[in-house]
There are 2 protein chains.
Amino acid sequence: MPNKPVSTWEDSREEFIAQWGALGSNWGINRTMAQIHALLMTAPEPMYTDEIMQRLHISRGNANTNLRELNGWGLIRLVVKKGERREYFEAEKDVWKMFIIIAKERKRRELDPALGVLKGCAEQTKGENAGPGRDFHRQMKELQEFVEFGMKVSDTVAGMKHASALQWAIKLLG
Amino acid sequence: MPNKPVSTWEDSREEFIAQWGALGSNWGINRTMAQIHALLMTAPEPMYTDEIMQRLHISRGNANTNLRELNGWGLIRLVVKKGERREYFEAEKDVWKMFIIIAKERKRRELDPALGVLKGCAEQTKGENAGPGRDFHRQMKELQEFVEFGMKVSDTVAGMKHASALQWAIKLLG
DNA sequence: TCTAACTTTCACAACTATCTGAAAGTAGGA
DNA sequence: TCCTACTTTCAGATAGTTGTGAAAGTTAGA
């Protein structure tokens, strides 16, 4: 009788972790952070630092930094097991919640500062009423309004429960 | 009589270019590319390579590379003036069109490859029907479906004219 | 209080991305 | 054809990011 292959899903998981790490880079997220996230997202149980270090072949400092960073994003959380000193980590696994966390964070990092710049530029040139100065002012205004608008949409969607978002989207797509 | 200040809008523009460049980095776009884009977006007339080099204090190679890259994105286009050899560049200024271009490109770069990975992992583990293997498979499936769904929404929105997108959004927000 | 199990920090090393500038390539027109 | 005005390429330099590992810091409980 041939041997049963040893857990195909573990191989697939390995693949997932590696690829997700690589994707992270195209994406503005550092490789280790993406890998840790992938690892925890697919972990049946919470894991602690040394397990993660071994599994991903990374140093303690690196593991620690990226775990804190992921925790800052809200994508993983600290778990304490009673009677144990060490900290375990587990990832948020609900896809919709993950999406909302990421959307909020990206908004904060990408949109908020951009809006500041645009507002400033629009404000400074609001007196321009002819020629290229006026055109510049208009463009800043348009960009500002567009960004504000995008932020509103993002807030609205992020405030939705998964079910109502789905319903809304079905209407849009249908 | 005090001197009239020399074009406040030019100062504001300078600021915009500098800040936009800095923002680009938080954003996964390289600084020079973002600066060139900001420069052209606010240029009353098309510009040519040497002007851009001087204005941003960058080398010829750098200017050339990033201009081609922006052209590849479709965010700027080449303009030839009759009777002139050299190439001029001008940016797309319509905010909605810019948004659509960027959304499409990000989808292609960020979502398409991720989808590939997820599909692969889901496929490989579709036989798992118990324990952590099944959970893994489920998670890959969920992620896959979510990404596919996101892509559909993105396509739908990108196919809209500005006016209908606005109308749709007003309904969403109202 | 002391120890041991753990977490955090940080100077430096390794790696990656970006930029430069000079040389090579290209094409319009004399 | 050759010159000239331009564009493209690319090897090496620079700058920026991420990772390492050992030392310092923290805290629970003996």
Side-chain angles (χ1 to χ4, degrees), chain A residues 17-40 46-73 75-90 109-110, chain B residues 17-40 46-73 75-90 109-110:
Chain A
I17 292 168
Q19 296 286 330
W20 210 247
L23 284 174
S25 328
N26 297 341
W27 214 95
I29 280 177
N30 95 38
R31 206 180 61 236
T32 308
M33 190 170 143
Q35 284 184 342
I36 295 179
H37 185 227
L39 176 65
L40 289 174
M47 298 178 76
Y48 55 92
T49 307
D50 290 62
E51 284 181 300
I52 295 167
M53 285 164 59
Q54 283 193 286
R55 189 70 188 253
L56 302 179
H57 305 288
I58 58 175
S59 71
R60 185 170 301 284
N62 194 9
N64 184 268
T65 305
N66 284 293
L67 283 166
R68 275 186 299 116
E69 183 88 348
L70 279 166
N71 191 45
W73 275 69
L75 287 169
I76 64 175
R77 53 183 157 268
L78 248 111
V79 184
V80 277
K81 298 199 177 184
K82 49 189 170 187
E84 289 207 48
R85 275 283 285 286
R86 68 183 147 212
E87 295 168 332
Y88 286 75
F89 299 93
E90 76 180 354
R109 298 184 174 211
E110 299 179 358
Chain B
I17 292 168
Q19 297 286 331
W20 210 246
L23 285 173
S25 329
N26 296 343
W27 215 94
I29 280 178
N30 97 37
R31 207 179 62 235
T32 308
M33 191 171 143
Q35 284 184 340
I36 295 178
H37 186 228
L39 176 64
L40 289 174
M47 297 176 76
Y48 55 91
T49 306
D50 289 64
E51 284 181 300
I52 295 166
M53 286 165 59
Q54 284 193 283
R55 188 72 188 253
L56 302 178
H57 305 288
I58 58 174
S59 72
R60 185 170 301 285
N62 194 9
N64 186 268
T65 305
N66 285 292
L67 284 165
R68 275 187 299 117
E69 182 88 348
L70 279 166
N71 192 45
W73 275 68
L75 287 170
I76 64 174
R77 52 184 156 269
L78 248 113
V79 184
V80 276
K81 298 200 179 184
K82 48 190 169 186
E84 289 206 48
R85 278 273 291 281
R86 68 183 147 210
E87 295 169 331
Y88 286 75
F89 300 93
E90 76 181 354
R109 299 186 172 208
E110 299 180 358

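Chain letters run A, B, ... following the sequence lines, proteins first, then strands; residues in each count from 1. It should be emphasised that the depicted structure is a prediction, and the values quoted were computed from it without experimental measurement.
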Taking only the side-chain nitrogens and oxygens of [X], find out if one of them lies under 4.0 Å from OP1 or OP2 of [N].
X: A/N62; N: D/dT18; result: no
X: A/N64; N: C/dT7; result: no
X: A/R86; N: C/dC6; result: yes

Starting at atom [atom1] of [X], determine the distance to atom [atom2] of [N], rounded to an integer number of angstrom.
X: B/M47; N: D/dC6; atom1: CE; atom2: C1'; result: 17 Å
X: A/L67; N: C/dT8; atom1: CG; atom2: C1'; result: 12 Å
X: B/L78; N: D/dT8; atom1: CG; atom2: C1'; result: 13 Å
X: A/Q54; N: D/dG21; atom1: CD; atom2: C1'; result: 16 Å
X: A/F89; N: C/dT8; atom1: CZ; atom2: P; result: 7 Å
X: B/N66; N: D/dT8; atom1: CG; atom2: P; result: 13 Å
X: A/E84; N: C/dT7; atom1: CD; atom2: C1'; result: 15 Å
X: B/I36; N: C/dC19; atom1: CD1; atom2: C1'; result: 12 Å

Legend entry - Backbone N/O of A/N62 and side chain of A/N66: donor-acceptor pair under 3.5 Å: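 Judged by distance alone, yes, a pair lies under 3.5 Å.
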Inset, instruction - Examine distances only and state if a side-chain atom of A/Q54 and a backbone atom of A/E51 form a donor-acceptor pair shorter than 3.5 Å. - result: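 Judged by distance alone, no pair lies under 3.5 Å.
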Inset, instruction - For the side chain of A/R60, starting at C-beta, report the closest nucleotide among C/dT7, C/dG21, D/dT20. - result: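 Given the options C/dT7, C/dG21, D/dT20, the side chain of A/R60 is closest to C/dT7.
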Inset, instruction - Could you work out which one of C/dC19, C/dT7, D/dT27 sits closest to the side chain of B/T32? - result: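 The closest nucleotide is C/dC19.
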Inset, instruction - Report the distance from atom CG of A/L39 to atom CE of A/M47, rounding to the nearest 0.5 Å. - result: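 Going from CG on A/L39 over to CE on A/M47, the span is 4.5 Å.
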Legend entry - Beyond-backbone contact of B/E110 with A/L23, side-chain heavy atoms, under 4.5 angstrom: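 No, side chains not in contact.
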Inset, instruction - Select base, sugar-phosphate, or nothing to describe what B/R68 touches, counting heavy atoms under 4.0 Å on all strands. - result: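 Sugar-phosphate: the residue B/R68, judged by heavy atoms under 4.0 Å, touches backbone atoms but no base.
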Inset, instruction - Report which part of the nucleic acid B/N30 touches: base, sugar-phosphate, or nothing (heavy-atom distance under 4.0 Å, all strands). - result: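 The residue B/N30 makes sugar-phosphate contact but no base contact.
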Inset, instruction - Go through the N and O atoms of the side chain of B/R85 and the base of C/dA27, and report whether any donor-acceptor pair is under 3.5 Å. - result: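 Checked by distance alone, the answer is yes.
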